[in-house]
Amino acid sequence: MNALLEDLKARGLVAQTTADEELHEHLSSGCQTLYCGFDPTADSLHIGSLVPLLTLKRFQDAGHKPLALVGGATGLIGDPSFKAAERKLNTDDVVENWVNKIRTQVSAFIEFGDKENSAEVVNNLDWISKMDAISFLRDVGKHFSVNAMIQKESVKQRIDREGAGISFTEFSYMLLQSYDYAALNKMNGCSLQIGGSDQWGNITGGIDLTRRMNQEKVFGLTLPLVTKADGTKFGKTESGTIWLDATKTSPYAFYQFWITTLDADVYKFLRYFTFLSVEEIEAIEAKDKEIKGRPEGQAILAREVTRIVHGEEGLASSERITEALFSGDLSALSESDLAQLAQDGLPTTEVVESEKSLVELLTSCELAKSNKMAREFIKNGAVSINGEKASDSEMVLQKSDALFGKYTVIKRGKRLFNLYIWK
RNA sequence: GGAGGGGUUCCCGAGUGGCCAAAGGGAGCAGAUUGUAAAUCUGCCGCGAAAGCUUCGGUGGUUCGAAUCCACCCCCCUCCA
């Protein structure tokens, strides 16, 4: 039995594996090379990629060599797996730009150097772009049966479902990803591919192709799709996707995302997203069960994950804001506390006028999408100014009323804040 | 290339000339309750203070009036070649 694999299973991180017993042996017989692909579909990865990224690190910590593959080539094609509709193609330079950003991002999660198990980042454009159409069709395509490909669950809905469809471009995606595996096996001796459970079809395709092209037996392991107990989609909030890039989702917003994790999910997420041991997590859970009232799991989860993604500083600033906004009296904050909040990344809006209506203040930032919504929020009693509930929808705020003649903190709903700085 | 079916507000999906800013569901948001949970209940859910304005793939047209009819175009699906 391999300890790493046992730990992954205990964490619920193993959805499927190929040749389970042999994989145990394989991982127990020294440093193995594994890879996981990340396709550039935006200028940043989001928390959906966190599980595979952390899993690469788990393998590295156990002595294996992780390769992070950035899909410079596959990103130009688009993975159809479990996607309801054909996707728009992005241009070369857009994808290239994204590749560079994601390469940097991915690199933060694994360790580089000159050790046997030091990580590497590879780009499949390096080998796929060298291949010509004839070789692709003869050397790769010949190994695939269309009959088998259309049976794959990952493209079924696109083939069976009335109104959907799949282009040859996207249908070919599986061949490219499969070829990646064979190529990495040949070049780097890579013998394990990991990925989300939606990648099962692509991974097994790669395993088959590697056997046929290189006569090598390689393995696959998929990670579970992260789901929430209430059935809603993981990783989205009102303000959209939770990105790993601090300029797209602030460390504070990131921290808040984890704080609001459902009780029913929090211990599972601790297993998935932190490096705390399974025993430690079980102890937290047991303790939370004893005390009634607010559990500690969410805070620990938020702290651990924010630290992993945004470092100690990002965590510290997130905690400062959270502390100030949620457990204190806003009017008790000092001028320097308020300045610090702005510094820490609390959403901030500058006000140049010397007076402005509450409705306008709300719509000038993310707090309200339209005047109508702003009035609705005020009417419902959802808005408070410096901790005081606002009830007059036609209210006008003066600069002179601001805290220290400069700051106004407006809250909408239970947990959305904006700091206004009067100039 | 031929024949047929389809593109509706975030998603699914109803709507075939006025009663349609457009049923229903989901998601989302807000209030009460609470723990910055869950469950439940209530309200909101195109813009506008209102008059009204903009929206049902695109562009034109018919009509007093169009998401609904016509023409052309774009995109998707199915079958045939």
Side-chain angles (χ1 to χ4, degrees), chain A residues 80 82-89 150 155-171 227-242 252-270 285 287-303 306 318-330 346-347 357-360 362-363 366-384 387 389-396 409-418:
Chain A
F82 299 98
K83 298 282 186 323
E86 185 85 11
R87 285 192 288 169
K88 210 175 67 204
L89 290 175
I150 60 175
V155 294
K156 261 233 160 87
Q157 63 166 326
R158 292 281 287 279
I159 289 170
D160 294 348
R161 190 181 163 208
E162 182 88 13
I166 184 167
S167 67
F168 185 74
T169 308
E170 285 196 7
F171 192 56
T227 56
K228 298 203 327 187
D230 62 2
T232 59
K233 201 173 157 75
F234 170 77
K236 299 273 184 188
T237 64
E238 185 199 3
S239 40
T241 306
I242 304 294
Y252 163 67
F254 186 85
Y255 180 91
Q256 282 292 318
F257 169 79
W258 296 102
I259 278 286
T260 57
T261 301
L262 304 174
D263 288 3
D265 290 323
V266 68
Y267 309 103
K268 178 172 84 174
F269 287 4
L270 281 164
E285 183 167 8
K287 199 172 151 204
D288 280 346
K289 280 224 170 88
E290 266 179 52
I291 50 162
K292 44 179 192 279
R294 189 178 188 167
E296 236 185 304
Q298 281 86 344
I300 296 170
L301 176 67
R303 192 183 319 135
T306 306
S318 308
E319 286 186 325
R320 275 197 297 271
I321 300 178
T322 299
E323 173 73 16
L325 298 180
F326 291 97
S327 57
D329 176 6
L330 283 175
L346 177 69
S357 74
L358 179 54
V359 167
E360 280 182 304
L362 289 169
T363 51
E366 305 278 294
L367 296 187
K369 283 200 190 93
S370 66
N371 294 355
K372 196 176 178 174
M373 288 305 288
R375 289 197 174 84
E376 184 73 31
F377 287 137
I378 299 167
K379 196 184 89 195
N380 289 342
V383 176
S384 60
K389 189 164 277 191
S391 51
D392 176 7
S393 62
E394 301 311 320
M395 180 173 192
V396 176
V409 180
I410 297 185
K411 174 178 162 193
R412 188 219 85 198
K414 281 186 179 126
R415 60 181 99 90
L416 218 51
F417 291 86
N418 195 74

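In the text below, chain A, chain B and the rest are named by the order of the sequence lines, each starting its count at 1.
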Enquirer: When you compare B/A22 with B/G15, how far apart are their C1' atoms, in angstrom units rounded to a whole number?
Expert: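 So the two C1' atoms sit 8 Å from each other.
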Enquirer: With both distances kept under 3.5 Å, what pairs with B/G24, Watson-Crick or G-U wobble?
Expert: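 By the stated definition (distances under 3.5 Å), B/C12 pairs with B/G24.
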Enquirer: Grab the NZ-P distance between A/Lys372 and B/G52 for me, whole Å please.
Expert: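 In whole Å, B/G52 P and A/Lys372 NZ are 15 Å from each other.
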Enquirer: Look at A/Arg294 and B/A37 and indicate whether a side-chain polar atom (N or O) is within less than 4.0 Å of OP1 or OP2.
Expert: no
Enquirer: Cut-off 3.5 Å, side chains only: do A/Glu360 and A/Asn371 have a donor facing an acceptor?
Expert: no
Enquirer: When you compare B/U54 with B/A66, how far apart are their C1' atoms, in angstrom units rounded to a whole number?
Expert: 16 Å
Enquirer: Would you please test A/Ile321 and A/Phe417 for side chain to side chain contact (heavy atoms under 4.5 Å, CB included) and show each step?
Expert: CA-CA 10 Å; A/Ile321 300 178; A/Phe417 291 86; over 6 Å; no
Enquirer: Checking contacts here: which listed nucleotide (B/G35, B/G48, B/G43) is nearest the side-chain heavy atoms of A/Glu376?
Expert: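 In terms of side-chain proximity for A/Glu376, the closest of B/G35, B/G48, B/G43 is B/G43.
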Enquirer: For the C1' atoms, the ones on B/G17 and on B/U68, what distance do you get once it is rounded to whole angstrom?
Expert: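 That atom pair is separated by 6 Å.
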Enquirer: Once you round it to whole Å, what is the distance between C1' of B/U36 and CZ of A/Phe326?
Expert: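 The answer, rounded to whole Å, is 5 Å.
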Enquirer: Name the pairing partner of B/U36, where a pair is Watson-Crick or G-U wobble with both distances under 3.5 Å, or state none.
Expert: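 B/U36 is paired with nothing.
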Enquirer: Is there, by distance only and without an angle test, a donor paired with an acceptor across the side chain of A/Gln256 and the base of B/U36 below 3.5 Å?
Expert: yes
Enquirer: State the pairing partner of B/C41; accept Watson-Crick or G-U wobble contacts with both distances under 3.5 Å, and report none otherwise.
Expert: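 Its partner is B/G31 (Watson-Crick or G-U wobble, both distances under 3.5 Å).
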Enquirer: More 5' along RNA chain B: A/Ser370 or A/Thr261, using each one's nearest nucleotide?
Expert: A/Thr261
Enquirer: Counting only Watson-Crick pairs (N1-N3 plus N6-O4 or O6-N4) and G-U wobbles (N1-O2, O6-N3), all under 3.5 Å, who is the partner of B/A3?
Expert: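 B/A3 is paired, partner B/U78.
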Enquirer: Return the nucleotide paired to B/C72: Watson-Crick means purine N1 to pyrimidine N3 with N6-O4 or O6-N4, wobble means G-U with N1-O2 and O6-N3, both under 3.5 Å.
Expert: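 Pair assignment: B/C72 / B/G58.
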Enquirer: Output the rounded distance in Å from CZ (A/Arg412) to P (B/C44).
Expert: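 So the CZ-P distance, A/Arg412 to B/C44, works out to 17 Å.
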Enquirer: Please give the distance between the P atoms of B/A14 and B/G24 as a whole number of Å.
Expert: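 Comparing P positions in B/A14 and B/G24 gives a spacing of 15 Å.
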Enquirer: Please report the distance, rounded to the nearest Å, between CD1 in A/Ile166 and P in B/C77.
Expert: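 Spelled out: CD1 on A/Ile166 to P on B/C77 is 10 Å.
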Enquirer: Scan A/Glu394 against the nucleic acid and name what it touches under 4.0 Å (heavy atoms): base, sugar-phosphate only, or nothing.
Expert: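 No contact at all - A/Glu394 keeps every heavy atom at 4.0 Å or more from the nucleic acid.
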Enquirer: With P as the reference atom in both, quote the distance from B/G61 to B/A49 in angstrom, rounded to an integer.
Expert: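 B/G61 and B/A49 have their P atoms separated by 33 Å.
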Enquirer: Report the C-alpha distance between A/Ile150 and A/Val155 in whole Å, list the side-chain angles of each, state the deciding distance to 0.1 Å, and finish with yes or no for side chain to side chain contact (heavy atoms under 4.5 Å, CB included).
Expert: CA-CA 7 Å; A/Ile150 60 175; A/Val155 294; 5.5 Å; no
Enquirer: Between A/Thr260 and A/Arg375, who's closer to the 5' end of RNA chain B by nearest nucleotide?
Expert: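 That would be A/Thr260.
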Enquirer: Nearest whole angstrom, please: distance from the P of B/U36 to the CZ of A/Phe417.
Expert: 11 Å
Enquirer: Could you state the atom-to-atom distance from CG of A/Asp288 to C1' of B/A38 in whole Å?
Expert: 15 Å
Enquirer: Provide, to the nearest angstrom, the distance between the NZ atom belonging to A/Lys228 and the P atom belonging to B/A39.
Expert: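 Nearest whole value for this atom pair: 10 Å.
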Enquirer: With a non-hydrogen cut-off below 4.0 angstrom, is A/Leu262 in contact with a base, only sugar-phosphate, or nothing?
Expert: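 A/Leu262: backbone/sugar contact only, no base atoms under 4.0 Å.
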Enquirer: Would you say the side-chain atoms of A/Asn418 pair up with the backbone N or O of A/Ile410, donor to acceptor, closer than 3.5 Å?
Expert: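 Answer holds: no.
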Enquirer: Measuring from the side chain of A/Met373 (C-beta onward, heavy atoms only), which nucleotide among B/C47, B/A30, B/U36 has the closest atom?
Expert: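 Output: B/C47.
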Enquirer: Look through every strand shown and name the nucleotide pairing with B/A50 as Watson-Crick or G-U wobble, where both distances are under 3.5 Å.
Expert: none
Enquirer: Over how many whole Å does the gap from A/Lys414 atom NZ to B/A38 atom C1' extend?
Expert: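 Value for this atom pair: 12 Å.
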Enquirer: Of A/Asn380, A/Leu367, A/Ile378, which is the lone residue that meets side chain to side chain contact (heavy atoms under 4.5 Å, CB included) with A/Arg412?
Expert: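 Of the listed residues A/Asn380, A/Leu367, A/Ile378, the side chain to side chain contact (heavy atoms under 4.5 Å, CB included) partner of A/Arg412 is A/Leu367.
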Enquirer: Should B/U63 form a Watson-Crick or G-U wobble pair with both distances under 3.5 Å, which nucleotide is its partner?
Expert: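 Check on B/U63: unpaired, no WC or wobble geometry under 3.5 Å.
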Enquirer: Under 4.0 angstrom, heavy atoms only, what part of the nucleic acid is A/Asn380 near: base, sugar-phosphate, or nothing?
Expert: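 Sugar-phosphate, backbone atoms only, no base.
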Enquirer: Distance between the C1' atoms of B/G7 and B/U55, in whole angstroms?
Expert: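 So the two C1' atoms sit 15 Å from each other.
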Enquirer: Taking the C1' atom in each of B/C53 and B/A21, what is the distance between them to the nearest angstrom?
Expert: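 It comes out at 11 Å once rounded to the nearest Å.
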Enquirer: With rounding to whole Å, what would you report as the distance between B/C20 and B/G2 at their C1' atoms?
Expert: 38 Å
Enquirer: Passes side chain to side chain contact (heavy atoms under 4.5 Å, CB included), A/Met395 versus A/Val359? Steps please.
Expert: CA-CA 8 Å; A/Met395 180 173 192; A/Val359 167; over 6 Å; no
Enquirer: Would you sort out whether A/Tyr252 and A/Thr322 count as a side chain to side chain contact (heavy atoms under 4.5 Å, CB included), showing the intermediate values?
Expert: CA-CA 8 Å; A/Tyr252 163 67; A/Thr322 299; 3.8 Å; yes
